[in-house]
Amino acid sequence: SWNSQFDINNTRMEEDSNSNNQNKTNNNNTMNQRLFVAAVLGLLAVAATAELTRVEVKKVPQEKRFRIPEREGQTFDDLRAYNQGKKSAKRAVVSVPITNFANAQYFGEVDIGTPPQKFTVVFDTGSSNLWVPSSQCSWTDIACYFHRKYDSSQSSTYVKNGKKFSIQYGSGALSGFLSQDSVVLGGLKVKNQVFAEAVNQPGLTFAVGQFDGILGLAFKTISVDGVTPVFDNMVAQKLVDANLFGFWLNRGNKGEGGEMTLGGLDQAHYTGPLTWVPLSNKTYWEFALQDMTFQGKSLSVCSKGCHAIADTGTSLLAVPSSIATAINKKIGAVGVLSAECDMLVAQNEDYIIKAIVEDIDPEVACKKIDACPGSACGVCHLVLSTLQQFLPSNTSEFFIRVALDEICNLLPSPNGEAAVDCSKVSTLPNVGFKINGKNFDLTAEQYILRTGDAAAGAEICLSGFIGLDLPPQIGPIFILGDVFIGAYYTAFDGANSRVGFAKAA
């Protein structure tokens, strides 16, 4: 999914019925690439040592789960009045805790049905549908074996829909059917929500994801089958006081993983005023980008106009491939991991299968085939640790070979993510994005993702910049994913058709 080329032009997509259909198609292709990045980083995260990961997955303490964040214009009297049931009071802003897996996958919980069936989902501002695995999933769907499944027969509020549902991904189509049931998010119960039950999930992307499904928070215009998004129904059913939500994503391995607020913002998680910018297109959360900077100097990449998307479902910073290549060259990044993986597997496939079947410690196995110490050490740890972690202990050699055939395709290539010398990260310059007259700088520690065990010689440092080419009719779009949102609290204001950014706290 990550060998894309990006044609820079200024053709914009018109918002008529034909463009809406094109939007949905482009949304499907884009989501595949975005989810792929998350999967790749999740794979890298589990490959450091024989342990699952060095980055702790933090659970939010129970007493913090239902903390009421402070909202702009909301006073203590408002909250007290709301708790006393006064109709004139403003509703409390709902806080939804988010789990951070290796700074690569952010997800939270949602309940579907009565009694509730619990799932972990990516809260994704780059798509619009809700889907989870189905209890009716195909026996060939590997991802289904590793995730929770929705069983309509166990829900008293289930209503049959049955319409076929499909999203095309690079590795195949995620398919299933639509159903209707109640959905609870942040303690708020949405009635009659239409969602998709996934029966077939392609490739390893979903199998290795720490999440069960996706909950889209973009606009209905790009929703597959025209399904009304969950948050839109929350607003329509008056479950929240404002058509507004915010994201704080914690970067690191300490404390809470993050927070999504519904109906307002959490001022405790940002400093200074928000810089607001109007939406240029109500499909994704899309807005005008004025320029990029490198070491404080303009890169002049938007002389004819650029657009960006604030996207919680993308782990990295997806920019036109020509720009990603230029930036990665400037910071000394090279994309060679997929080639190293192919060579490693081709030369040692039989022993790798033996190591997986017999659960041989990755450090021992990688030394056995002379991958460690050496440049292939990190990749060797990645392959063995990932497959040992996610494949059942009784997996046949046939399925292990299938997994090996796919895993190298998930790794960074010269046109995708690129690795940098970890010892030089502290010397790398800032890279910034100019939005509505303000420059939003990212330090190297913010746009470089560290994963692996440095002590074992298996640390990998990935550039946060990846090339992503979308169809020409969309134009030059920059996807500002979790790398950016982790540095800058992001507000999504549907009522006023705008997004806002402020330094995260």
Side-chain angles (χ1 to χ4, degrees), residues 36 38-55 57 101-102 104-105 133 137-149 171-172 200-212 336-413 451-453 455-460:
F36 182 90
V40 166
L41 295 175
L43 289 172
L44 291 171
V46 300
T49 65
E51 301 172 4
L52 172 60
T53 177
R54 282 293 186 185
V55 180
V57 177
F101 179 74
Q105 298 176 24
C137 62
S138 168
W139 69 271
T140 61
D141 183 354
I142 297 176
C144 210
Y145 291 97
F146 303 114
H147 295 93
R148 286 169 283 196
K149 297 169 279 291
S171 54
N200 289 290
Q201 301 169 72
L204 288 181
T205 301
F206 301 107
V208 301
Q210 298 295 302
F211 52 88
D212 299 314
V336 296
L337 295 184
S338 60
E340 289 182 355
C341 179
D342 286 334
M343 183 177 297
L344 179 79
V345 172
Q347 295 176 349
N348 304 283
E349 184 175 32
D350 289 341
Y351 182 77
I352 290 174
I353 292 174
K354 172 183 171 69
I356 294 170
V357 170
E358 298 180 7
D359 199 26
I360 298 174
D361 186 289
E363 186 170 353
V364 173
C366 291
K367 287 181 178 179
K368 176 74 174 179
I369 59 177
D370 296 324
C372 295
S375 61
C377 187
V379 174
C380 182
H381 274 261
L382 184 153
V383 172
L384 287 172
S385 297
T386 299
L387 295 183
Q388 286 179 353
Q389 172 62 34
F390 289 105
L391 293 178
S393 58
N394 59 347
T395 301
S396 68
E397 290 191 12
F398 171 78
F399 279 110
I400 294 175
R401 290 184 190 276
V402 170
L404 282 174
D405 287 341
E406 289 201 44
I407 194 168
C408 291
N409 294 327
L410 294 177
L411 297 182
S413 67
T451 185
D453 190 342
E459 183 179 40
I460 297 174

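As the structure is a computational prediction, the values presented were derived from the model and not from experiment. Just so it is clear, the values below take in all heavy atoms, side chains as well, and ignore hydrogens, waters and symmetry mates.
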Original post:
Taking side chain as C-beta onward, heavy atoms only, is I369 less than 4.5 Å from L344?
Top reply: yes

Original post:
At their closest point, which heavy atom of Y145 faces which heavy atom of W139, and how far apart are they?
Top reply: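 Result for this residue pair: OH-O, 2.8 Å.
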
Original post:
Taking all atoms of both residues into account, what is the closest heavy-atom pair of H147 and K149, and its distance?
Top reply: O-NZ, 3.1 Å

Look up atom [atom1] in [X] and atom [atom2] in [Y], then write down how far apart they are to the nearest 0.5 Å.
X	Y	atom1	atom2	value
C366	I352	SG	CD1	8.0 Å
S385	I356	OG	CD1	10.0 Å
T140	Q201	OG1	CD	10.5 Å
L384	D359	CG	CG	10.0 Å

**OP:** Check whether the SG atoms of C372 and C380 are less than 2.5 Å apart, and answer yes or no.
**Re:**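 Taking the criterion (SG atoms under 2.5 Å apart), C380 and C372 fail it, so no.
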
Subject >> Any residue meeting side chain to side chain donor-acceptor pair (under 3.5 Å) with K367, in chain and number order, not counting sequence neighbours >> reply: none

Original post:
Who pairs with E349 by salt bridge (Lys or Arg N to Asp or Glu O under 4.0 Å), at least two apart in sequence or on another chain?
Top reply: R401

Original post:
Who passes side-chain contact (heavy atoms from CB on, under 4.5 Å) against K368, sequence neighbours left out?
Top reply: Y351

Subject >> N/O donor-acceptor pair under 3.5 Å between Q105 side chain and Q210 backbone >> reply: yes

Subject >> Sequence neighbours excluded - salt bridge (charged side-chain N to carboxylate O under 4.0 Å, His left out) pairs with any residue from residues 377-388 >> reply: none

